[in-house]
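A quick write-up on the structure given underneath.
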Amino acid sequence: MNAEEAVEFITKAYTELTKDAAELQNRIDVVRGEIAQTGTYTHTLEELTIGAKMAWRNSNRCVGRLFWDRIQVVDARAAGTVSEIRDALFEHIRKATNGGQIRPFITIFKPGSDGPRIWNHQLIRYAGYASENGDIIGDPASVSFTEVCEGLGWRGAHTEFDILPLVIQESADAKPTVIEIPSELVLEVPIAHPDFPQVAELGLRWYAVPIISEMKLEIGGITYQAAPFNGWYMETEIGARNFADEGRYNKLAAVAEKLGLNTKRLDSLWKDRALVELNVAVLDSYHKAKVQIVDHHTAARQFGQFETNEQAAGREVTGEWAWLIPPVSPATTHMFHQRYPNKIVKPNFFYQDAPFERTEITPVKRGGCPFH
Ligand code: ARG
């Protein structure tokens with residue numbers, strides 16, 4: 001590897017950690033020596049910790065970055081066998097869930113292309129099954145991964161909300177192992193509406209903690225292919241996307257029907273009204289279940305505080321506008337009326353090729369004029 005990326009990271013990190021010039025220089029010499037000798041270097045726990053935090057801080061799509069400094073970093077680099085990796089993942093789920101008082105966590109496994117891979121998009125997610133006639137049971141976003149799981153011998157119950165198993169590959173040439181998550185580890189919330197009890201009849205539910213497990217973490221030239229991380233949900237992710245997108249659970253018409261809205265006319269704005277009430281239902285259900293969640297107005301304010309903090313620290317706030325604005329009432333937030341430079345600063349999280357073949361129907365391409 002190129003020592004310059006390492007040196008750049010060490011310099012940034014040690015400066016933020018207010019270490020003195022001698023310690024910085026000493027570490028740079030050691031890292032350069034290690035790279036010259038072995039081709040790579042090993043992060044100290046302190047470097048791993050600040051690196052993961054910086055990666056969150058630099059995540060342009062994330063509106064929840066105010067809390068970047070409060071993520072708990074678990075060093076799982078020594079986990080080599082499938083059962084050690086499994087135990088670390090179960091522990092992540094348990095500690096992050098924390099009975100509903102969700103704590104941001106990241107568990108970092110062995111770096112390099114021979115490190116482990118977790119095949120799941122999120123540690124906890126619902127299966128999706130496509131039938132011959134094109135109908136889908138469950139989450140359409142999970143269809144190809146669910147096929148992979150079934151190809152590996154797993155059988156789901158074929159309900160709308162089957163928790164997928166973990167699929168763990170302990171090294172590049174190892175076969176993947178399928179592991180069911182013990183149900184007592186998975187906290188879920190049944191969705192009801194405080195004012196319209198009929199909404200509960202839809203039988204909707206969602207899990208408490210989104211733990212992204214498919215992205216790689218890059219710190220100072222070192223790549224961690226398996227570094228699952230979590231925060232807590234913002235309600236629109238569930239109410240305005242997972243339940244509402246036509247390519248996901250597609251429940252707006254069903255909600256509108258429960259609310260008695262006129263779905264015959266688009267200009268009754270039934271979609272918008274159903275969307276808002278669905279988001280009210282998600283927030284109220286998580287609150288009643290004592291599972292931490294944030295609404296998009298509060299999240300926007302928190303992002304504003306993050307911007308203020310970053311300016312005070314002399315750092316530019318990078319961001320991806322289309323992701324920072326919420327999908328419900330975007331113009332009510334300050335982000336809508338602002339622009340953010342979508343510059344990639346490292347450390348950061350990046351997408352990587354899925355370790356299995358994706359057969360998903362490609363989602364509609366966004367942007368771009370159809371005539372050009
Ligand atoms: N949007 C994804 C979902 O609905 C989760 C992405 C991460 N979200 C978060 N709040 N940390 O499952």
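Numbering of ligands and ligand atoms starts at 1, following listing order.
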Among Tyr233, Tyr126, Trp56, Trp232, closest by any non-hydrogen atom to atom 12 (O) of ligand 1
Tyr233
Tell me if the aromatic rings of Tyr340 and Trp323 count as close, with their centers under 6.0 Å from one another.
no
One residue to check: Asn230. Relative to ligand 1, which of side chain, backbone, both or neither has a non-hydrogen atom less than 4.0 Å away?
neither
Near Asn242, which atoms of ligand 1 are under 4.0 Å from a heavy atom of that residue?
3 (C), 4 (O), 12 (O)
Regarding Tyr207 and Gln122, is there a side-chain donor-to-acceptor distance under 3.5 Å anywhere?
yes
Do Glu180 and Arg86 meet the salt-bridge criterion of a basic N to acidic O distance under 4.0 Å?
no
In terms of ring plane angle, is the pair Tyr249 and Trp206 parallel, tilted or perpendicular, where the classes change at 30° and 60°?
perpendicular
Which donor-acceptor pairs under 3.5 Å do the side chains of residues 170-179 make with protein atoms, sequence neighbours left out?
residue : atom : partner : partner atom : Å
Ser171  : OG   : Asp173  : OD1          : 3.3

Run the contact test for Arg241 against ligand 1 with a 4.0 Å cut-off on heavy atoms, strictly below, and give the result.
no
Protein residue, atom and distance nearest to atom 6 (C) of ligand 1, heavy-atom basis:
Glu237 OE1, 3.2 Å
Can you tell which part of Tyr207 has a heavy atom less than 4.0 Å from ligand 1: side chain, backbone, both or neither?
side chain
For ligand 1, is any non-hydrogen atom under 4.0 Å from Gln122's backbone (N, CA, C, O), its side chain (CB onward), both, or neither?
side chain
Less than 3.5 Å apart, any donor N or O on the side chain of Gln169 or Trp119 sitting next to an acceptor on the other?
yes
